[in-house]
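Worksheet for the structure shown next.
Everything quoted here is computed from the prediction, not taken from an experiment. Lettering follows sequence order; numbering is per chain, from 1.
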Amino acid sequence: MRGMHAAGVALLGALIGGCASGGNVAIEKHMTKTQAAISAAEAAGAGQPGRAALHLRLAREQLADAQKLIQAGEDERAAMLLERARADAELSLALAREQRAAAEARAAMDEAQALQQRIR
Amino acid sequence: MRGVLSVAGSVGALLLLGLVGCASAPPPVELQAARLDYERARASRAAELAPDALRDARQALERAEHAFAYDAKSEETRGWAYIADRAAREAEVQARTVAFGHQRMAAVAAYQAAQAELARRAEQTASQRAAELSRVQGELGEVRRQLAAQREQLASQGRQVESGQGALREEREARARREAELAAAEARLEERAQRLQEATTSLEQERRARAEAEQRASDALTRLREAGSVREEARGTVITIPGSVLFRSGASALMPESRERLAEVADALRSAPEGTVIIEGHADSVGPEDANQQLSQRRAEEVRVYLIERGMPADRIIAVGRGESQPLASNDSAEGRAMNRRVEIILPRAGTTAAPGSGQQPAQRPETPSPQQPRPEVQQPATPQRTPEAEPQPQKPEVAPQPQKPEVTPPEKTPETDNPYE
């Protein structure tokens, strides 16, 4: 998120400062971060059916669109798409984590309840 | 709080900027959604539980508002709004995730508390069990000690019993020996007592028999005395039996009924003290003197034989015929003659046992009643005794019922009357 923030600031500066050349290096950075976020979401189980899966799909689609734009030389648009894809990937990861935390909490509560019933 | 104020200030600046930039253009759908989602996240626990994510969302929204102010419909405006919307929702999701984590931790704590409680209870139960166990073990130990003590006691008792049995056996054997000795001694004593008893019994029987015999003799004497036919004289006890009781007239055989009378006399004689008994035959003065002498001799002999048959020893009896020489009364009357016809049995007193021996010389005897002349008819015991004894015995059966003797014939006609010839 902080990275996104920094990138956003840089992007914002580029936009404000007009079209700066040498965007190749910058787009590669965006690409790397987005792909890392998608991988993290996948590793967290976001591919399972549910809301996390929806945002993971959106992230992948936007990543693919961004790659097309990069090939077309439209790095500026591609950077924005990559940022959007990264936001979806991070939301997908958060949802996947929430799902796991909810399941864990429920299981823990069930166990505790079962144990407490043994006491009574 | 400070963050919230600055956010509010930034939003206000953005809104102002937007209004200034393009006052008339409506915000794109992405920005509207981003604003709503951000507000919702801000109202949630994200500020508390996911403050960083919420700040990122605010910054993204500020950029979107900036872009919107600059160019309402630009791709940049929609892009930043899209990102802000995702960031706001992410902040909300992160807050819920943290809350789930808290729930889970609370559940784990409850679980651990329950576990601790269970452990405590288990511990309590275990300690109770341990206490119980140690108590039971203590009791068991006590029981074992008692058991061991009892076992030891039993063993020592067993040893005592064994030694006691040995001693008992020895004692028993010793007692058996003593008992056998005692039994032998008792048997000897018993035998001695038996012999003593037998001796006593036979002595007693002898004594009683003698006493009975004496009693019988004394009774007989007493009866004779009561009948008046016994009298005491200087020469001894004189038993007088009338001739009519013993013999038929003129006969010398005993009549059957006379035997009863003589049996009493025999009993009396048996009780007489040691000494010789003299049997004297007497006659009256009727008839020739020598015939009377012979008859009286035969009759005395007859009585002697009978008494010998009754058990008198022969050498203790002497028979003497006195004829008519010693009358008791006058021969003038019939009563006097009847008194003179008799047999006298003289029992010697103690000290007068020499009488029979000296009876041969009546003259020498001071107790001779009459001073009449000494009679030669007193026969010597040796000669006449033997012959009459031998002769009358075979004669007796025939003589008794029918006297065939010559001198007896005349008196047969008048047996009851006083025979003149006698």
*Considering only NZ, NE, NH1 and NH2 on the basic side and carboxylate oxygens on the acidic side, decide whether Arg86(B) and Glu90(A) come within less than 4.0 Å.*
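Between Glu90(A) and Arg86(B) there is no salt bridge, as every charged N stays at least 4.0 Å from the carboxylate O atoms.
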Looking at [X] and [Y], what are the two nearest heavy atoms and their distance?
| X | Y | result |
| --- | --- | --- |
| Leu58(A) | Tyr82(B) | CD1-OH, 4.1 Å |
| Trp80(B) | Met80(A) | NE1-CE, 3.9 Å |
| Ala112(A) | Ala107(B) | CB-O, 3.3 Å |
| Phe100(B) | Ala105(A) | O-CB, 3.3 Å |

*Could you tell me which portion of Gln117(A) (side chain, backbone, both or neither) has an atom closer than 4.5 angstrom to a non-hydrogen atom of chain B?*
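Contact with chain B involves no heavy atom of Gln117(A) at all.
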*Would you check if Thr97(B) and Arg100(A) make a side-chain contact, meaning some heavy-atom pair closer than 4.5 Å?*
no
*Within a strict 4.5 Å, meaning less than it, do heavy atoms of the Glu98(A) and Glu90(B) side chains meet?*
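SC-SC contact between Glu98(A) and Glu90(B) ruled out.
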*How far does CG of Leu91(A) sit from CD1 of Ile83(B), to the nearest 0.5 angstrom?*
12.5 Å
*Working to the nearest 0.5 Å, report the span between CD of Glu76(A) and CD of Glu75(B).*
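Between Glu76(A) CD and Glu75(B) CD, I get 9.0 Å after rounding to 0.5 Å.
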*Show the numbers, then the answer: is there a side chain to side chain contact (heavy atoms under 4.5 Å, CB included) between Ile119(A) and Arg121(B)?*
CA-CA 9 Å; Ile119(A) 290 171; Arg121(B) 291 188 184 182; 3.3 Å; yes
Considering residues, nucleotides and ligands other than [X], do more than 12 of their heavy atoms fall under 6.0 Å from its [atom1]?
| X | atom1 | answer |
| --- | --- | --- |
| Arg97(A) | CZ | no |
| Arg135(B) | CZ | yes |
| Gln67(A) | CD | yes |
| Gln99(A) | CD | no |
| Arg120(B) | CZ | yes |
| Gln32(B) | CD | yes |

*Most contacts with chain A, counted as non-hydrogen pairs under 4.5 angstrom, among Gln103(B), Gln94(B), Met105(B), Arg96(B)*: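 Most heavy-atom pairs within the cutoff with chain A belong to Arg96(B).
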*Most heavy-atom pairs under 4.5 angstrom with chain B, which of Leu81(A), Leu95(A), Asp110(A), Leu93(A)?*
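Looking at each option in turn, the highest pair count goes to Leu95(A).
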_At a 4.5 Å cut-off on heavy atoms, which part of Gln115(B) comes close to chain A: side chain, backbone, both, or neither?_
both
